[in-house]
Amino acid sequence: MIYAVLVYALTVPVVTSWLAGDQTNPQAKQLESEGVPLDYVIRPLGLSPGQQAAIGVVAALLAAAALAVVIRAIVRRQVDVLWWMVLLPLTCAGVILGLTWSTLTAGTIGANIGAGLATIFFLPFAACMLILAALAGVAIRKRRQRVPVPTAP
């Protein structure tokens, strides 16, 4: 179960970043094609569109499979229903991290204001979501020690 949650947490940012795609605006792409160098907060990984698609599809399949494992365990009452309190903040944090990565790797001419805003506002929120997920996991573990999870007949 914990491995499925871990796989889910690691793949959601990858899927989000893949779905968001390159955030470089068309004017900057046009200038780049004319020979003007773009500025980057973080340079993109340099993967081809095919490689990006392959990684995105594999990450999406892994995220879906991991989520299915967790949902199945919750529905069958093999684990506590409070695992939703771990999954929801992990999903929020993963989406925020994926979108922030796309923003940080966008090519610009001059300052990337979106990267600054994402760093100042969104990354602390993502950190809070990760802390919330961790605290929920600890609470579930303590609850499991006190109250056994009912099993399906």
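Computed from a predicted model, the values in this text were never measured in an experiment. We use all heavy atoms of the structure for the numbers below, so side chains are in, but hydrogens, waters and symmetry mates are not. Sequence positions, counted from 1, serve as the residue numbers for this chain.
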Subject >> Under 3.5 Å: donor-acceptor pair, side chain of Ser17, backbone of Val14 >> reply: no

Original post:
Is it the case that one hydrophobic cluster holds both Val7 and Val15, taking links as side-chain heavy atoms less than 4.5 Å apart, direct or via other members?
Top reply: no

Subject >> Point-to-point distance, once rounded to the nearest 0.5 Å, from CG of Leu97 to CG of Leu123 >> reply: 6.5 Å

**OP:** Using the rule that two of Ile, Leu, Val, Met, Phe, Trp, Tyr join whenever any of their side-chain heavy atoms come within less than 4.5 Å, decide whether Trp101 and Val41 are in one cluster.
**Re:** yes

Original post:
Would you say Thr100's side chain and Ile96's backbone share a donor-acceptor pair under 3.5 angstrom?
Top reply: yes

**OP:** Locate the shortest heavy-atom distance separating Ala106 from Asp22; write the atom from each residue and the value.
**Re:** CA-OD1, 4.4 Å

Original post:
Shortest non-hydrogen contact from Ala115 to Leu104?
Top reply: CB-CD2, 3.4 Å

**OP:** Quick one: pull up OG1 in Thr103 and CD1 in Ile42 and give me the separation to the nearest 0.5 Å.
**Re:** 10.5 Å

Subject >> Other residues, nucleotides, ligands: >12 heavy atoms within 6.0 Å of Tyr40 OH >> reply: yes

Subject >> CZ-CG distance between Arg141 and Asp80, expressed to the nearest 0.5 angstrom >> reply: 14.0 Å

Subject >> Inter-residue atom distance Leu135.CG - Leu130.CG, 0.5 Å rounding >> reply: 11.0 Å

Original post:
What pairs with Asp39 under salt bridge (charged side-chain N to carboxylate O under 4.0 Å, His left out), at least two apart in sequence or on another chain?
Top reply: none

**OP:** Check the hydrophobic clustering (I, L, V, M, F, W, Y; side-chain heavy atoms under 4.5 Å; chains of links allowed) and say if Val95 and Trp84 are grouped together.
**Re:** yes

Original post:
Atom OG1 of Thr91 and atom OH of Tyr8: how far apart are they, to the nearest 0.5 Å?
Top reply: 3.0 Å

**OP:** Search all heavy atoms of Val86 against all heavy atoms of Ala136 and return the closest pair with its distance.
**Re:** CG2-CB, 3.8 Å

Original post:
Which atom pair, heavy atoms only, marks the closest approach of Ser102 to Ala20?
Top reply: OG-CB, 3.6 Å

Original post:
Of the non-hydrogen atoms in Ala126 and Ala93, which two are nearest, and what is the gap between them?
Top reply: O-CB, 3.8 Å

**OP:** Taking all non-hydrogen atoms of both residues into account, name the closest pair between Ile109 and Pro37 and its distance.
**Re:** CD1-O, 4.0 Å

Original post:
With a 4.5 Å heavy-atom cut-off, do Gln51 and Leu45 have their side chains touching?
Top reply: no

Subject >> Cluster overlap Met129 with Leu87, hydrophobic side-chain contacts below 4.5 Å >> reply: no

Original post:
With the 4.5 Å side-chain cut-off for hydrophobic clustering, are Leu132 and Leu82 part of the same group?
Top reply: no

**OP:** Starting from the C-alpha separation in whole Å, work towards a yes-or-no answer on side chain to side chain contact (heavy atoms under 4.5 Å, CB included) for Thr108 and Leu38.
**Re:** CA-CA 5 Å; Thr108 59; Leu38 297 181; over 6 Å; no

Original post:
So how far is it from Ile55 CD1 to Thr11 OG1, rounded to the nearest 0.5 Å?
Top reply: 13.0 Å

Subject >> Verdict with supporting geometry, Glu32 and Thr24, side chain to side chain contact (heavy atoms under 4.5 Å, CB included) >> reply: CA-CA 10 Å; Glu32 182 182 34; Thr24 303; 5.7 Å; no

Original post:
Looking at side-chain heavy atoms only, is the closest gap between Leu99 and Phe122 below 4.5 Å?
Top reply: no

Original post:
Should Ile71 and Trp83 count as side-chain neighbours, where that means a heavy-atom distance under 4.5 Å?
Top reply: no

Subject >> Full working for side chain to side chain contact (heavy atoms under 4.5 Å, CB included) between Val79 and Ile140 >> reply: CA-CA 9 Å; Val79 296; Ile140 291 169; over 6 Å; no

Original post:
What residues, two or more places apart in sequence or in another chain, satisfy side-chain contact (heavy atoms from CB on, under 4.5 Å) together with Gln52?
Top reply: Leu47

Subject >> Pairing residues for Ala54 by the side-chain contact (heavy atoms from CB on, under 4.5 Å) criterion, not counting sequence neighbours >> reply: none

